[in-house]
**Student:** 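Let me begin by handing over the structure; questions about it come next.
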Amino acid sequence: MPFLVLASLFVSAWVGLALHEASHAAAARLANLQVREIRVGKGPTVLRTHLVEADVYLGLIPLGGWVRTFPSWRFSKSATLSFYAAGPAMDIAWLAVLITTLVTYRDSELVGTVLAPAIIVQGMMLFGNLVPHHSTVFGKRLPNDMMALLKTAFTKGDPNAAYRESYLNAVRRYADATEAPFRPSSRSERIAAYLYGRHASSPQMSDQEIATLEHELAFTTYRSEQLLIIDEITTNILARKSRHHDACLDRLTARAVTLSPEMPTLKGTRGAALARLGRYEEALTILDGADHSNDFNRCLNAAFRALAHFHLGRGELAAAEFDIAAAILRTQDWANWIGSEIVSAIGTEIGYPAQTIEGRSATTESLKKPASSRRSALRGRQSA
């Protein structure tokens with residue numbers, strides 16, 4: 001009997017949790033919300049699959065789960081409420097089934113031994129979902145179903161309006177008069193989430209996100225949206241120290257320039273990619289026609305020109321260009337992780353990492369020194 005009790009506790013927890021998350025997913029589909037991710041259980045992942053455009057993860061321990069949807073372009077309070085209510089509704093329904101079964105077979109000792117623990121587990125799950133509170137799920141502090149229901153019920157207006165308009169404005173930057181007006185689709189919702197939905201503490205795209213965006217790119221019909229995806233992916237790759245995406249970088253930037261040969265922003269990205277790939281003369285030629293209309297582009301263009309000049313043995317030009325990039329970076333509020341990572345990485349490669357950005361200049365004489373001597377001196381300064 002003790003074995004049956006323990007088995008019932010474990011199995012009932014799994015069944016209750018799976019039904020709860022499945023009900024959220026089903027409600028999302030019925031409400032035309034796009035499901036992004038389904039997680040059932042914590043601990044080591046024992047199963048990972050892709051089902052109806054959603055990533056599904058099954059953990060080892062039946063303690064917690066979630067269903068994530070992509071932000072919808074058109075906020076519907078009724079759709080959102082039904083999505084959040086589906087889980088607790090299933091909890092109540094399943095608890096009712098368990099109690100009814102126990103009452104029906106109350107004379108069976110075996111049924112009582114199996115169902116009594118299951119009812120206790122389901123009651124605890126229902127209580128946890130009906131009492132409004134926040135909890136940490138998979139490293140994120142989130143409202144439970146009832147808390148989310150209450151917040152949605154008192155929401156006024158469209159909370160996704162600014163998010164949607166931000167994406168539309170981003171796409172418009174890559175449009176021209178020859179293209180039909182952009183009409184966002186359900187695919188656009190997914191693309192926007194992968195481009196801009198990352199947590200502020202981890203803004204860099206994962207390898208999986210890059211692969212997913214390349215997949216979305218294959219089905220995107222608007223040229224402006226294709227160019228946005230390409231530019232965001234390649235800029236992200238340029239900010240990495242790892243070189244295992246260099247083939248992707250070459251392929252995508254070449255495609256971008258083919259799609260829009262005269263767009264200065266894309267010339268800058270292509271020139272940066274060529275400098276990263278060691279094609280320095282080509283890089284300098286293209287960077288001459290790049291976008292210089294704002295400080296962000298001027299900074300990165302100067303940094304990659306410095307990289308190209310350095311490897312071509314032009315120390316004076318490299319120093320001058322890198323000083324421009326570092327000076328711009330020091331004085332701007334947009335000195336985010338991308339700008340800082342790119343300029344710092346280039347500074348390291350040519351022998352001048354953080355000190356240059358913090359206020360020291362890259363002198364011509366030091367750039368003429370052999371790389372080994374510069375790096376040795378640098379190591380000494382850091383350890384002092």
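Excluded from the calculations below are hydrogen atoms, water molecules and symmetry mates; all remaining heavy atoms, backbone and side chain alike, are included. Just so we're clear, the structure is a prediction, and the values are computed from it rather than from any experiment.
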**Student:** Answer yes or no: is there a side-chain heavy-atom contact under 4.5 Å between Arg183 and Tyr222?
**Tutor:** yes

**Student:** Work out which heavy atom in Pro132 is nearest to a heavy atom in Leu150; give both atom names and the distance.
**Tutor:** CG-CD1, 3.8 Å

**Student:** Is it possible for you to say whether Met147 and Leu81 belong to one hydrophobic cluster, with membership spreading through side-chain heavy-atom contacts below 4.5 Å?
**Tutor:** no

**Student:** Does any pair with a residue in residues 39-81 pass ring-ring contact (aromatic ring centres under 6.0 Å, His included), and if so which ones, sequence neighbours excluded?
**Tutor:** Trp66-Phe138, Phe70-Tyr194, Trp73-Tyr167

**Student:** Which heavy atom of Cys299 sits nearest to which heavy atom of Val343, and what is that distance?
**Tutor:** SG-CG2, 3.8 Å

**Student:** Is a salt bridge present between Arg172 and Glu165, judged by a nitrogen-to-oxygen distance below 4.0 Å?
**Tutor:** yes

**Student:** Any side-chain to backbone donor/acceptor pair from Tyr163 onto Ala193? Under 3.5 Å, distance only.
**Tutor:** yes

**Student:** What heavy-atom pair brings Ser82 and Ala79 nearest, and what distance separates the two atoms?
**Tutor:** OG-O, 2.7 Å

**Student:** Linking I/L/V/M/F/W/Y whenever any side-chain heavy atoms sit under 4.5 Å apart, do Met263 and Phe304 land together?
**Tutor:** yes

**Student:** Would Leu284 and Leu274 show up in the same hydrophobic cluster when neighbours are defined by side-chain heavy atoms closer than 4.5 Å?
**Tutor:** no

**Student:** Are Arg68 and Asp55 close enough for a salt bridge, meaning some N to O gap below 4.0 Å?
**Tutor:** no

**Student:** Before accepting this row, confirm whether a basic side-chain N of the pair Arg314/Glu281 lies closer than 4.0 Å to the acidic partner's carboxylate O.
**Tutor:** yes

**Student:** Starting from Ile350, can I reach Ile342 by hopping between I/L/V/M/F/W/Y residues whose side chains sit under 4.5 Å apart?
**Tutor:** yes

**Student:** If we only count heavy atoms from C-beta on, is the Arg190 to Glu53 side-chain gap below 4.5 Å?
**Tutor:** yes

**Student:** Is Asp250 salt-bridged to Arg270, going by a charged N under 4.0 Å from an acidic O?
**Tutor:** yes

**Student:** Quick one: pull up OG1 in Thr104 and CD1 in Ile99 and give me the separation to the nearest 0.5 Å.
**Tutor:** 11.5 Å

**Student:** What are the two closest heavy atoms between Met90 and Leu19, and how far apart are they?
**Tutor:** CG-O, 3.5 Å

**Student:** Same hydrophobic cluster for Leu217 and Phe182, using side-chain heavy-atom links shorter than 4.5 Å among ILVMFWY?
**Tutor:** yes

**Student:** Charged N to carboxylate O under 4.0 angstrom, Glu349 versus Arg243?
**Tutor:** yes

**Student:** Do Arg298 and Asn301 meet the criterion of a side-chain donor-acceptor pair at a distance under 3.5 Å?
**Tutor:** no

**Student:** Quick one: side-chain hydrogen bond (donor to acceptor under 3.5 Å, both in side chains) partners of Ser293, sequence neighbours excluded?
**Tutor:** Asp291

**Student:** The test is side chain to side chain donor-acceptor pair (under 3.5 Å); show your working for Ser12 and Gln122 and say whether it passes.
**Tutor:** CA-CA 8 Å; Ser12 60; Gln122 191 62 26; over 6 Å; no

**Student:** Apart from Phe127 itself, what residues make up its hydrophobic cluster when side-chain heavy atoms of I, L, V, M, F, W and Y under 4.5 Å apart count as a link, directly or indirectly?
**Tutor:** Val131

**Student:** Between Arg223 and Thr178, does the side chain to side chain donor-acceptor pair (under 3.5 Å) criterion hold? Intermediate values first, please.
**Tutor:** CA-CA 10 Å; Arg223 181 178 60 179; Thr178 64; 3.1 Å; yes

**Student:** Restricting to non-hydrogen atoms, name the atom on Pro117 and the atom on Thr113 that form the minimum distance, rounded to 0.1 Å.
**Tutor:** CD-O, 3.0 Å

**Student:** As an exercise, state the distance from CG of Asp231 to CG of Asn236, rounded to the nearest 0.5 Å.
**Tutor:** 11.5 Å

**Student:** Check Gly87 against His24 and note the closest heavy-atom contact, atom names and distance.
**Tutor:** N-CE1, 3.4 Å

